[in-house]
Every structure is written in C-alpha cells, then in structure tokens.
Enquirer: 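Structure in structure tokens, see below.
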Amino acid sequence: NAGVTQTPKFQVLKTGQSMTLQCAQDMNHNSMYWYRQDPGMGLRLIYYSASEGTTDKGEVPNGYNVSRLNKREFSLRLESAAPSQTSVYFCASSDVGLNSPLHFGNGTRLTVT
Amino acid sequence: GEDVEQSLFLSVREGDSSVINCTYTDSSSTYLYWYKQEPGAGLQLLTYIFSNMDMKQDQRLTVLLNKKDKHLSLRIADTQTGDSAIYFCAEMGPGGYNKLIFGAGTRLAVHP
C-alpha cells in the first residue's frame, strides 16, 4: 500500500520553464490537495479537488494550474516558473468527513534559478 | 483571516516532557490537529481534538484545548530522540473539505 506518491522528488528549473508535478493515491480518497512549504511559513494550500471532476483555488493559486485526471491522480503545473516558486511541494489526499486526516506524500523539492 | 501561530524552536533533554504551544484565530474550527514531519518526509497526523473537548490523551501525547483563549498545546511525556521532528498545529479552514490552515511548525530538538 503506497499511500500518496509524488514524482519527481527533486527538480531544478530555469526561470520561464514549465513542468508538471505528479501525484497519485491508492486509498480511494475523494479529496486531493496541493500545498507548498516554505521556511517559517508552514504549509499553504495552492489548489484542492474535493472530488473527481472538480478543482478549486486555495490560498496561493497564482502561477499554478491543476488537473484532476481521475480519482487517483492530481497534477500541479507550473507554466512559467519563477524563483518565488522555489519551495517544497506536498500532495495530500483525504476521505470525506471532518475528522478524516490528510495523508501526505513525501514532497517534491523544486528550485527555480 | 485565519492564522495559526507557533514558536519555531524547542529544545529538551531526553526523558523530560515537551510542551509545544499554538494559538489559532477561527473560533468556529471544529477540529484542531497536530502533525509531525520527520526529515525528508511528508506530514503525518499525530493526533486531533474535537472542539467540544478540553483534553485528549493518547499514550505519551496529551492535547489541551483552551477555546476561550484559542490556545492548543501538545505535551509529549518522556521525550525520546525519535521525537525530534517538526510539529505542525493546524485548524480547519473555511468551507470544509479538510482545507487545513497550518502553523509554521515547531522544530523539536531532543538532546541527551
């Protein structure tokens, strides 16, 4: 049982390049999320998908797009990377219900030069 | 808006108790959470407390909730070196769907 799998683990981009971060979960969860983690700022929600076929903006969506490809997969795309997007990106999933915990992947460390 | 605040560092001696504190702003939060992050890994749920509770105990962990002061604490008894990690406090954001609002995290260092 892999849980939440993110690829790649590390990535270096030049300013203006594009890339897609992949996330897949095998827990049959309805909801999936993308967070970014920056030093001293905790985790901030970029986008979330409450269920297959829906996506919504979180706290910091600018510069990102997402696709809920199916129930298992939720990808995050940077169309034109900027140094301010240097961060660690975490994908998470959860079941429906207020006390259903978030299950996190191990993160993607992205550096934009 | 919603905000969750924590102190950034805590250093304790092995065997002592650790207390990590957190303040939050949204009094309507139904659940409050503690997550643990070990180096190079994602966050793992440690424990949570429902807003109608004052205290929750789970083995070495004790969570205290003071709703009047919007203060949450996590006590780890008999702290071990394996407890060294970053601990995040989180509250449920508006609109449900488990959109959590996280604090900046408290780095716990346990020394012999």
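Note on naming: letters A, B, ... go to the chains in the order of the sequence lines (proteins, then strands), and numbering restarts at 1 for each one.
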Enquirer: Would you give the length of the straight line joining atom OH of A:Tyr35 to atom CG of B:Leu43, rounded to the nearest 0.5 angstrom?
Expert: 9.5 Å
Enquirer: Where on A:Leu43 is there a heavy atom nearer than 4.5 Å to chain B: the side chain, the backbone, both, or neither?
Expert: both
Enquirer: Can you say whether A:Glu59 sits under 4.5 Å from chain B via the side chain, the backbone, both, or neither, judging by heavy atoms?
Expert: neither
Enquirer: Would you find more than 12 non-hydrogen atoms of other residues, nucleotides or ligands less than 6.0 Å from A:Arg109 atom CZ?
Expert: no
Enquirer: State, to 0.1 Å, how close B:Ala104 and A:Gly40 come at their nearest heavy-atom pair, and which atoms those are.
Expert: CB-O, 3.4 Å
Enquirer: Above 12 or not: heavy atoms from other molecules or residues under 6.0 Å from CD of A:Glu79?
Expert: yes
Enquirer: Identify all side-chain donor-acceptor contacts of residues 54-61 of chain B below 3.5 Å with residues at least two apart in sequence or on another chain.
Expert:
from	atom 1	to	atom 2	distance (Å)
B:Lys56	NZ	B:Tyr48	O	2.9
B:Arg60	NH1	B:Ala77	O	3.0
B:Arg60	NH1	B:Asp78	O	3.2
B:Arg60	NH1	B:Asp83	OD2	3.0
B:Arg60	NH2	B:Asp83	OD1	3.0
B:Arg60	NH2	B:Asp83	OD2	3.3

Enquirer: Of the non-hydrogen atoms in B:Leu45 and A:Pro101, which two are nearest, and what is the gap between them?
Expert: CD2-CB, 3.1 Å
Enquirer: Assigning hydrophobic clusters by single linkage (Ile, Leu, Val, Met, Phe, Trp, Tyr; side-chain heavy-atom cutoff under 4.5 Å), is B:Leu74 placed with B:Val4?
Expert: yes
Enquirer: Heavy-atom cut-off 4.5 Å, strictly under: side chain, backbone, both or neither for B:Gln6 against chain A?
Expert: neither
Enquirer: Look up atom OH in B:Tyr33 and atom CG in A:Leu102, then write down how far apart they are to the nearest 0.5 Å.
Expert: 7.5 Å
Enquirer: Would you kindly confirm whether B:Phe88 and A:Trp34 end up in one hydrophobic cluster when ILVMFWY residues are joined by side chain heavy atoms under 4.5 Å apart?
Expert: no
Enquirer: Does B:Lys70 have any side chain to side chain donor-acceptor pair (under 3.5 Å) partners at least two apart in sequence or in another chain, and if so, which?
Expert: none
